[in-house]
Amino acid sequence: YGKHIKDKSASQVLKSVRDSLADYRTGVRRNGQAVTLYYDTWPHVDIVPASRVVDNDKLLHYEIPDMNREVWLRSKPRLHSESLENHSSVCGPSFRKIIKMIKWWNHKHSEYLQSYHIEVMALRIFSSMLNDLPWDVFSYFNAATDLIQSDLWHEGSQVDAYLSWSDRHEASQRLENAKNLSREAWYATFGSNDDHESAITKWRSVFGDSFPAYG
């Protein structure tokens with residue numbers, strides 16, 4: 001800590017991580033919290049420097065950098081992991097699937113939202129067993145369009161404080177579009193139309209070309 005983080009700004013610490021990997025292809029994530037190490041084959045790896053905050057040798061939390069605002073963010077990864085695991089037990093395997101799908105949607109649509117923000121919204125949105133994945137994906141987008149409009153607090157900190165007014169507006173527009181497309185996709189299949197081709201086309205508009213094509 002004394003050598004690598006103490007008295008250094010978030011951007012300085014991330015730059016030092018990137019400089020240490022100068023022989024490799026790297027890039028700082030858009031959210032300003034990690035350095036991505038790119039491999040020739042999947043997967044790429046996000047490297048997040050962190051410092052421990054202790055009181056009488058008791059770990060209170062970690063702090064991770066946010067170079068976009070030059071601040072250090074409080075993080076409790078163990079407690080957060082337990083919350084995700086508990087929700088997964090209640091909501092079923094679709095809970096984690098939906099989080100992965102929303103993160104991929106975010107990746108394909110300019111990455112305005114941080115991964116932690118996406119996970120906290122999932123914790124807020126779902127509280128019971130999920131049995132209809134297409135409808136549950138729509139439900140996430142539907143609820144998130146409301147959650148993005150006001151400050152979201154979790155475990156004593158504001159989760160969405162990193163969003164500027166313009167980024168919040170853009171993220172809101174993208175969530176609204178995804179909500180509408182996912183509702184139309186669900187209805188095309190499970191409404192009265194039974195139109196799988198139209199549904200898949202709309203899902204591909206949401207999730208990109210990685211979503212399976214029709215036929």
Side-chain angles (χ1 to χ4, degrees), residues 1-39 42-93 95-100 102-103 106-107 111-128 144 147-148 150-164 167-168 171:
Y1 172 82
K3 179 180 179 181
H4 297 290
I5 293 180
K6 185 180 179 181
D7 298 327
K8 293 183 179 180
S9 67
S11 58
Q12 288 175 325
V13 172
L14 284 172
K15 183 178 183 298
S16 68
V17 172
R18 188 175 182 181
D19 289 347
S20 297
L21 297 168
D23 293 336
Y24 303 92
R25 186 164 66 95
T26 60
V28 177
R29 285 288 302 276
R30 186 182 187 281
N31 65 15
Q33 295 178 8
V35 172
T36 301
L37 177 61
Y38 294 94
Y39 287 89
W42 185 89
H44 305 317
V45 176
D46 282 343
I47 301 168
V48 182
S51 63
R52 301 167 72 249
V53 178
V54 299
D55 182 16
N56 292 325
D57 294 328
K58 179 182 179 181
L59 176 64
L60 300 179
H61 59 269
Y62 294 90
E63 289 187 344
I64 61 174
D66 178 354
M67 66 174 291
N68 293 334
R69 293 181 292 149
E70 289 293 10
V71 297
W72 290 85
L73 304 174
R74 179 179 297 187
S75 176
K76 298 181 179 180
R78 181 172 296 177
L79 179 61
H80 185 60
S81 294
E82 289 175 355
S83 295
L84 291 173
E85 183 62 33
N86 291 337
H87 259 70
S88 183
S89 297
V90 172
C91 300
F95 179 74
R96 290 189 181 273
K97 290 179 183 178
I98 291 170
I99 290 175
K100 290 180 180 179
I102 302 302
K103 287 182 179 180
N106 185 54
H107 170 70
E111 290 190 300
Y112 280 98
L113 302 179
Q114 294 178 357
S115 292
Y116 179 68
H117 190 179
I118 290 171
E119 291 171 357
V120 170
M121 286 197 290
L123 291 171
R124 186 68 59 87
I125 293 166
F126 300 116
S127 59
S128 59
L147 289 174
I148 199 70
S150 58
D151 298 342
L152 179 62
W153 289 80
H154 182 70
E155 298 294 343
S157 61
Q158 186 180 343
V159 177
D160 52 0
Y162 66 94
L163 286 172
S164 65
D167 283 353
R168 187 184 295 271

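- L123 and L84 get closest at one heavy-atom pair: CD2-CD2, 4.0 Å.
- With hydrogens and angles ignored, the 3.5 Å screen pairs a side-chain donor or acceptor of R168 with a backbone N or O of I148.
- The line from CG of D167 to CG of D160 is 12.0 Å long, rounded to the nearest 0.5 Å.
- Summarising the geometry of V90 relative to S127, their closest heavy-atom pair is CG1-O, 3.5 Å, with the distance given to 0.1 Å.
- Checked against ring pair (Phe, Tyr, Trp, His ring centres under 6.0 Å), H87 has the following partners two or more places apart in sequence or in another chain: F95.
- Rounded to the nearest 0.5 Å, atoms CG (L73) and CD (Q33) are 5.0 Å apart.
- Residue H117 holds its NE2 atom at 9.0 Å from CD of Q158, rounded to the nearest 0.5 Å.
- Applying the salt bridge (charged side-chain N to carboxylate O under 4.0 Å, His left out) test to every pair with at least one member in residues 61-75, sequence neighbours left out, gives these pairs: D66-R69.
- Nearest heavy-atom pair across A50 and I5 is O-CD1, 3.9 Å.
- Annotation: the span from R18 atom CZ to T36 atom OG1 amounts to 9.5 Å, rounded to 0.5 Å.
- With S81 contributing its side chain and P77 its backbone, the two residues share a donor-acceptor pair below 3.5 Å.
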Stepwise side-chain contact (heavy atoms from CB on, under 4.5 Å) check, L113 with M121: CA-CA 11 Å; L113 302 179; M121 286 197 290; 4.0 Å; yes
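- Under the rule for a side chain to side chain donor-acceptor pair (under 3.5 Å), the partners of K15 that lie at least two apart in sequence or sit in another chain are D19.
- Closest of all the heavy-atom pairs between V71 and A10 is O-CB, 3.7 Å.
- Listed by chain and residue number, Y116 satisfy the ring pair (Phe, Tyr, Trp, His ring centres under 6.0 Å) test with H80 (two or more places apart in sequence, or in another chain).
- Sorted by first and then second residue, the pairs that involve residues 42-79 and meet ring pair (Phe, Tyr, Trp, His ring centres under 6.0 Å), not counting sequence neighbours, are Y38-H44.
- With values rounded to the nearest 0.5 angstrom, K6 atom NZ is found 15.0 Å from K3 atom NZ.
- Across all non-hydrogen atoms, the minimal contact from L59 to V54 is CA-CG1, 4.0 Å.
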Report the C-alpha distance between Y162 and N68 in whole Å, list the side-chain angles of each, state the deciding distance to 0.1 Å, and finish with yes or no for side-chain contact (heavy atoms from CB on, under 4.5 Å). CA-CA 8 Å; Y162 66 94; N68 293 334; over 6 Å; no
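- Ion pairing between a basic and an acidic side chain is recognised when a charged N comes within 4.0 Å of a carboxylate O; R96 and E85 show such pairing.
- Taking L79 as the reference, K76, E82, E155 meet the side chain to side chain contact (heavy atoms under 4.5 Å, CB included) condition, with sequence neighbours excluded.
- I125 contributes atom CD1, which lies 5.5 Å from atom CG of L147 (distance to the nearest 0.5 angstrom).
- Minimum heavy-atom separation, V28 to G32: CG1-CA, 4.3 Å.
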